[in-house]
Amino acid sequence: MKDLTGLLVVVLLVFLSGGTGGTEPDSGYCIMNQCFTVVQDPIDFTTARDQCRGQGGHLMTVRSSVSHDILYILLGNFPGQFWIGLHLLTGCPDAAVGLKGFQWVTKDNESDFFNWAPGFDSSCSSHRCVSVSKESDFKWTQEPCGEQAAGFLCEFSISEPCKSLAAAEGETVSYMTPMGFGGEDILSLPPGSIATRIPSKTKYLCFSEQWLQAPWNCEILKGGCEHKCVESPKEAPSCYCPPGQSVNPANNVTCDVVPDDPCVALRCEHACYKDEDSHACICDHGFKLAADGRSCVDFNDCTDQRQCPGENFRCVNTVGGFQCVCKEGYSQSGGLCVDQDECASAPCEHMCDNTPGSYQCSCYDGHIVDPKSPNKCKLHCGEEECEAQCDPNDVFQCYCPDGYVKEERDDGAYCIDIDECSFFYCEQGCVNTFGSYVCSCNPGFTLVGEYRCVKDDEGTVTDGGLGGKTATTTPASSPTTPYIPPPDPTRQPSGVTVGGLVGIIVCTVFFIVLIVFLAHHFLNRGGKMESAGALKAHEDEGHSLHRVTSDTS
């Protein structure tokens, strides 16, 4: 029996060939170190190319007369046009060279064989993809890449293939390849292929140029067993059958009905096997026998680090088995886990740098990454003052970071740091920082809610409490400036905003204007009263003079 690591490679090959999500081939052929498949699926050239790549191959290249002859084998019973791996990427055709400026999908233009259809179009507006059909004697025909052909041809390179098995008289051998096609007349078989002798139903697995007879490792297609495969206590894989049936000794994989089966009385949850002169219970692969000797419990297959050996793969335990999936930030492509470019989906507000398995956001100058939302950016100054960020289309729309106030100057708008400590937001100690402030407490107090100081029960110095700030050595005496209670004891005040500061200025100006208006009003009223008194005195003097004059007369 070959080593487990080598067999796991075959598992991966079988898994990839059957798990690509592509259309199953309608026919195929293998010769030496190459296999070819034909798929009837009306799709365009690009989709066909991607499906072949997803299965670990590429669109077929017809570089020799031998590969041209294979077209007759593959497409002899299929009408219509089928894509091959020849196309014109850029520029115009060049009628003077063999491939006319075209290129194989393997990104080269080497070829020992040319079979262009008559009337080749060498204009710059000619069709850029190539198809073949039995109706045109498999000539290379230019086709529009976006149109749908009847199907496509895939090519696969294989290593360590197995030769076909010799069949005895009255016996045939049937094959099934991991690409999804099979038959009896296949001369070269890729690793992972299954051979079945008829009528004995003996099975074989191709691995490293050799055929391993079933039952082989239980992780690969149930070891070839008809019912289920288990590994006995001696770690040798074996097949077992449902109660009332036993394994056929001629092939060790199929099940035959057996009367008076001794395993029935054991009531094994999974299976029963013969242990020398007696019988015992055994569990499916991925399970282990419980203490009662008949029940089966799952065990974590991923504890075996040899599982999922590919780079950037990880093992996921399942009931009775495991799955190989790509690590976070990677996706499967052509049997490999390749890094995803997360930046292609624009997850960052400003700049994005793709990293292996992840990505990193960064910000333009004058901004920093928002700690609350790592994919967003916020304004940042980091100094006592800096230029405001203004809209290039509207110079009057300027913005400042939190904790700064805008100041208009002759040479532009600037952001000035607000000294939050002057507003007595902290109950005791306060240190102003650029754009913010930090509260602290005297010895014997604990900082709570980032700005309140609560006296310790034991009068000892503690750490910074909920705010994460340590008690400072600020003198315990009360501050000379009257203390203003914070507006909301459940959260830290946010500081004076630009709008609030403008409101204070407007109210102050309004109050001054009101005082000036009232003063002016009272001054005008006093002047009018003085003028009225003078006039009345003048009139009284006139009347007196008039009386004196009358008396004299």
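With sequence neighbours left out, Cys337 forms a side chain to side chain contact (heavy atoms under 4.5 Å, CB included) with Asn312, Phe313, Cys326, Tyr330. Residues passing the salt bridge (charged side-chain N to carboxylate O under 4.0 Å, His left out) test with Lys222, sequence neighbours excluded: none. Under the side chain to side chain contact (heavy atoms under 4.5 Å, CB included) criterion, Ser64 pairs with Val66, Ser67, sequence neighbours left out. Remark: His380 pairs with Ile368 by the side chain to side chain contact (heavy atoms under 4.5 Å, CB included) rule, at least two apart or across chains. Under the side chain to side chain contact (heavy atoms under 4.5 Å, CB included) criterion, Cys229 pairs with Cys218, Cys225, Pro237, not counting sequence neighbours.
Under the salt bridge (charged side-chain N to carboxylate O under 4.0 Å, His left out) criterion, no residue pair touches residues 288-303, with sequence neighbours excluded. Legend: salt bridge (charged side-chain N to carboxylate O under 4.0 Å, His left out) pairs involving residues 353-373, not counting sequence neighbours: none detected. Judged as a disulfide (SG to SG under 2.5 Å), the pairs with a partner in residues 54-102 (not counting sequence neighbours) are, in order, Cys92-Cys124. For the disulfide (SG to SG under 2.5 Å) condition, the pairs that include at least one residue of residues 155-197, sequence neighbours left out, are Cys162-Cys206. A salt bridge (charged side-chain N to carboxylate O under 4.0 Å, His left out) check over residues 94-117, counting only residues at least two apart or in different chains, returns the pairs Arg63-Asp108.
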Pairs under 3.5 angstrom only: tabulate donor-acceptor contacts from the side chains of residues 163-176 to other protein residues two or more places apart or in another chain.
residue, atom, partner, partner atom, Å
Glu171, OE1, Ala168, N, 3.0
Glu171, OE1, Arg197, NH1, 2.8
Tyr175, OH, Leu165, N, 2.7

Quiz: residues 242-250 side-chain donor-acceptor pairs under 3.5 angstrom, not counting sequence neighbours:
residue, atom, partner, partner atom, Å
Asn248, OD1, Ala250, N, 2.8
Asn248, ND2, Asp256, OD2, 3.0

